[in-house]
Amino acid sequence: MSAQQDVVWDLSELFLGLNDPRINQAVTKVTELAVGFEKKYRGKILCLTPGGLFECLQEVEGFNQEFGNVCLYSGLMFAADMTLPEAQVLNDRIGKLEAQIGKQLAFYRLELGALLQSRPDFICDPVLVNYRHVLERVYRRVVHQLSEVEEQLVIEKDQFGVNAWEELQSKWLNTRVFEVFVVGEKRFLSYGEANGLLCHSDRGTRESAYRSIYGLLGREGEIFSSALRNICNDWVTVSKRRKYQTPMEASLINNDTEQSIVDNLLKSVEQGAKTYRKYLRLKAKLMGLSVLGNHDIVAPLPGGSDFKFTFNQAQDLIIRACRRFDLDYAKAVEEMFVKRHIDAAPRFGKRNGAFCASFYNGKSAYILQSFNGTLSDVFTLAHELGHATHDWYMQRCQTPLNISVPSIVAETASIFGELLLADLLLAEAKSNAQRLAVLCLILDEAGMTTFQVTARVWFEQALYQSVEQDEFLNYQTICNHWVKARNRIFGNDIAWFPEMDAEWTMKPHYYMANYRFYNYPYVYAQMFVFSLYKQYLNEGNKLFAPKLKQALSTGGSLSPLEIAQTLQLNPQTPTFWNDGLKIFENFILDLEKIT
């Protein structure tokens, strides 16, 4: 058994197990608190003074803290093994409780919005200074609120509607068995294990893994098209009901940004796609190929098969990378390993992908990943530990309502963590082959995050245009939209397997109920952090580290633009994103120097 198969998280800080009686106690207490809050505030929020609103917001934070542990535990247990009956039962129970309480307390958001609409001066009242930006974000949503009955009906329809479609996609994917030839040997693997082979050093193994995964997904394409079609149609209906100008507007509000900033970002990336294609051609040359296949885009270079890692080696590298930047900055990462808050073992039924879940009550976080020992896996771990570092700083400086940060901010420390790891690996590389492997990994990851993810934004826009034009989103139509968006980035520089038309089926982001356009924040963050990294290289550790830690500590108490200003950056400038693209170009130049 490999070391990483022993790396499972310890959730005892939350509950001792699925049969822990404290779960029922927590559910009872939360239910009682909801009743008490409703009795105290229903119909009265509009009459609150600034002091009264301050007290109300503190009670909301207290309620969130009480409910937080049981929601977190339920979600983590289900993600760790979706096939476990007890975890399924708890996940269903807590999901229903969230829906019940959401309906019960829907009045709070509506009355708070009405109060701010009538008294916008409350937003800047000195008594409410801690909640200024929280209230600004509430105020921005006011015009899109529905009546209380309508809000309750939305929650009810979602519970067994779009939420169920979302769960179906995830559960189907993570309960399949894939037949893959690993270096010529037939094996039957879980999704997490098969997905881990997409970066295998053996090209035939990669091809088998890609064809197996996407071939099976394509054969079941009508399932996924049904799920996505219903989710998209539902969102268009909800968007119109809430008076959003476009299906993207809600995500702009959620991400605390503006359409013009996102438009400038996407335009810059499309213009920069030629730089990405230049890299793809260079990588093809390094791999001895006339053109890359889709199974080569993020593959390691030939001869780099010795670049494998145990989980302990990954742990050591990431800790040293953080210490090299700043000793204090490494504390959060060190603590995650000491507390055993990471689940890295690949297994059947485990949720695909990786995530970091904030644990405010423990001033910590939990990370889920399927670690298979590749260089990419090490970077993924560094990425998620960056999220944990962000949590570590803001949880110690902010109250609960101020730790809700938009995705464009949430990815700051995670992407920066990848760059710190890259700096260490390049500094300690023992050969040009290792330097090549690291540089290609950086360019592979940043290339996919910046460029391919931009294609996902265009893809999602096309889906909603189809719905608006009454075009039926069957499997083939959705595939056509994906291929067209994909080719805007890759042009003719990739040879695609036919199975890759189905690539969209496995991305959980498209299926997230009421969370449309999940993808562009990653592009935003990647380019923002590359600009930040340029500043770091110019200033050095001593000047830059305190500013970064302060920015992370602000959490959601400031807007993304205000946080950027503290770092002397301005994303509102149309040419701002070019600095990030220049860093990408610089990595290509570094690669060219040693080829």
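- For Gln169 (side chain) and Thr505 (main-chain N/O), a donor-acceptor pair under 3.5 Å exists by modelled atom type.
- When every heavy atom of Met394 is checked against every heavy atom of Leu552, the shortest pair comes out as CB-O, 3.4 Å.
- Under the 3.5 Å distance criterion, with hydrogens and angles disregarded, a donor-acceptor pair is assigned to the side chains of Gln476 and Asn480.
- Put simply, the side chain of Leu18 does not reach to within 4.5 Å of the side chain of Val89, judged on heavy atoms.
- Surrounding NZ of Lys157 are more than 12 heavy atoms belonging to other residues, nucleotides or ligands, all under 6.0 Å away.
- The backbone N or O of Asn230 sits nowhere less than 3.5 Å from a side-chain atom of Asp234 that would complete a donor-acceptor pair.
- Proximity of Val238 to Tyr244: side-chain heavy atoms (C-beta onward) are nowhere separated by under 4.5 Å.
- Between the side chain of Asn91 and the backbone N or O of Ala87 there is no donor-acceptor pair closer than 3.5 Å.
- Residues Arg93 and Val27 meet the side-chain proximity criterion, which asks for heavy atoms closer than 4.5 Å.
- Here the straight-line distance linking atom CG of Leu558 with atom NE2 of His133 works out to 7.5 Å at 0.5 Å rounding.
- In the model, Asn254 has no side-chain atom that pairs as donor or acceptor with a side-chain atom of Arg516 under 3.5 Å.
- Within the 4.5 Å cutoff, no side-chain heavy atoms of Asn492 are placed close to those of Val291.
- Residues Thr450 and Phe530 have side chains not in contact (no heavy-atom distance under 4.5 Å, counting atoms from C-beta outward).
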(Q) Under the criterion salt bridge (Lys or Arg N to Asp or Glu O under 4.0 Å), I'd like the reasoning laid out for Arg456 against Glu503: C-alpha separation, chi angles, the key distance, then a yes or no. (A) CA-CA 11 Å; Arg456 296 182 200 173; Glu503 186 175 3; 5.7 Å; no
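- Between Asp377 and Thr380, the side chains place no donor N or O within less than 3.5 Å of an acceptor N or O (distance only, hydrogens not considered).
- Looking only at atom types and distance, the side chain of Ser251 has a donor-acceptor partner in the side chain of Tyr520 under 3.5 Å away.
- Between Lys96 and Asp92 there is a salt bridge, since a side-chain N of the basic residue sits under 4.0 Å from a carboxylate O of the acidic one.
- In the model, Glu38 has a side-chain atom that pairs as donor or acceptor with a side-chain atom of Gln104 under 3.5 Å.
- Distance check: Phe224 CZ to Trp165 CH2 gives 11.5 Å after rounding to the nearest 0.5 Å.
- Leu561 contributes atom CG, which lies 4.5 Å from atom CD1 of Ile261 (distance to the nearest 0.5 angstrom).
- Taking every heavy atom of both residues into account, Val180 and Thr205 meet most closely at CG1-O, 4.3 Å.
- Among Trp496, Tyr214, Phe497, the single residue meeting the ring pair (Phe, Tyr, Trp, His ring centres under 6.0 Å) criterion with His295 is Phe497.
- Asp158 contributes no side-chain N or O that, together with a main-chain N or O of Asn163, makes up a donor-acceptor pair within less than 3.5 Å.
- Residues Ala357 and Leu72 come closest through the heavy atom pair CB-CD1, 3.6 Å.
- Note on ring orientation: taking the six-membered ring where Trp is involved, the planes of Tyr475 and Trp504 are tilted (angle from 30° to 60°).
- To the nearest 0.5 Å, atom CD of residue Glu156 and atom CD of residue Gln100 are 11.0 Å apart.
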Q: Give the C-alpha distance, both sets of side-chain angles, the deciding distance and a yes or no for side chain to side chain contact (heavy atoms under 4.5 Å, CB included) between Arg141 and Ile253.
A: CA-CA 7 Å; Arg141 291 187 174 96; Ile253 295 172; 3.6 Å; yes
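- We find that Arg206 and Asp296 are joined by a salt bridge, their nearest charged nitrogen and carboxylate oxygen being less than 4.0 Å apart.
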Q: Test side chain to side chain contact (heavy atoms under 4.5 Å, CB included) on Ser376 and Val298 and set out the steps.
A: CA-CA 9 Å; Ser376 178; Val298 295; over 6 Å; no
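- Gln88 contributes a side-chain N or O that, together with a main-chain N or O of Met82, makes up a donor-acceptor pair within less than 3.5 Å.
- A distance-only check finds a donor-acceptor pair linking the side chain of Arg347 to the backbone of Ala80 [under 3.5 Å].
- Of all heavy-atom pairs spanning Thr374 and Gly196, the tightest one is CG2-O, 4.4 Å.
- For the pair Arg241 (side chain) and Val236 (backbone), a donor-acceptor distance under 3.5 Å is absent.
- Taking CD1 of Ile494 as the reference point, atom CD1 of Ile297 lies at 4.0 Å (rounded to 0.5 Å).
- A salt bridge links Glu151 to Arg242: one of the charged nitrogens lies within less than 4.0 Å of a carboxylate oxygen.
- For Arg486 (side chain) and Gln452 (main-chain N/O), no donor-acceptor pair under 3.5 Å exists by modelled atom type.
- Residues Ser74 and Leu90 share a closest heavy-atom pair of OG-O, 3.6 Å.
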Q.
Apply side chain to side chain contact (heavy atoms under 4.5 Å, CB included) to residues Glu136 and Asp256 and explain how you reach the verdict.
A. CA-CA 10 Å; Glu136 286 176 339; Asp256 213 359; over 6 Å; no
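- Among Asp81, Asp343, Thr83, the one residue that satisfies the side-chain contact (heavy atoms from CB on, under 4.5 Å) test with Lys350 is Asp343.
- Between Val262 and Val457 there is no side-chain heavy-atom pair separated by less than 4.5 Å.
- Side chain of Glu499 to main chain of Arg211: no donor-acceptor pair is present (N/O by atom type, distance under 3.5 Å, no hydrogens or angles).
- Looking at Glu193 and Ser370, their side chains never bring a donor and an acceptor atom within 3.5 Å of each other.
- A salt bridge does not link Glu460 to Lys507: none of the charged side-chain nitrogens sits closer than 4.0 Å to a carboxylate oxygen.
- Using a 30° and 60° split on the angle between ring planes, Tyr279 and Tyr276 fall in the parallel class, below 30°.
- In this structure, the side chains of Ile367 and His387 stay at 4.5 Å or more apart for every pair of heavy atoms.
- Nearest approach of Tyr511 to Ile231, heavy atoms of both residues: O-CD1, 3.3 Å.
- Atoms CD1 and CZ, from Ile442 and Phe584 in turn, are 10.5 Å apart once rounded to the nearest 0.5 Å.
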Q: With side chain to side chain contact (heavy atoms under 4.5 Å, CB included) as the test, would you mind laying out the steps for Ile101 and Phe63 before giving the verdict?
A: CA-CA 11 Å; Ile101 289 177; Phe63 176 84; 3.7 Å; yes
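- Residues Thr31 and Leu97 are in side-chain contact: their nearest non-hydrogen atoms beyond the backbone lie under 4.5 Å apart.
- Under a 3.5 Å cut-off, the side chain of Gln152 and the backbone N or O of Lys103 do form a donor-acceptor pair.
- Side-chain atoms of Glu411 and His383 form a donor-acceptor pair, as typed in the model, at a separation below 3.5 Å.
- Aromatic ring orientation, Phe37 versus Tyr108: perpendicular (interplanar angle above 60°, classes split at 30° and 60°).
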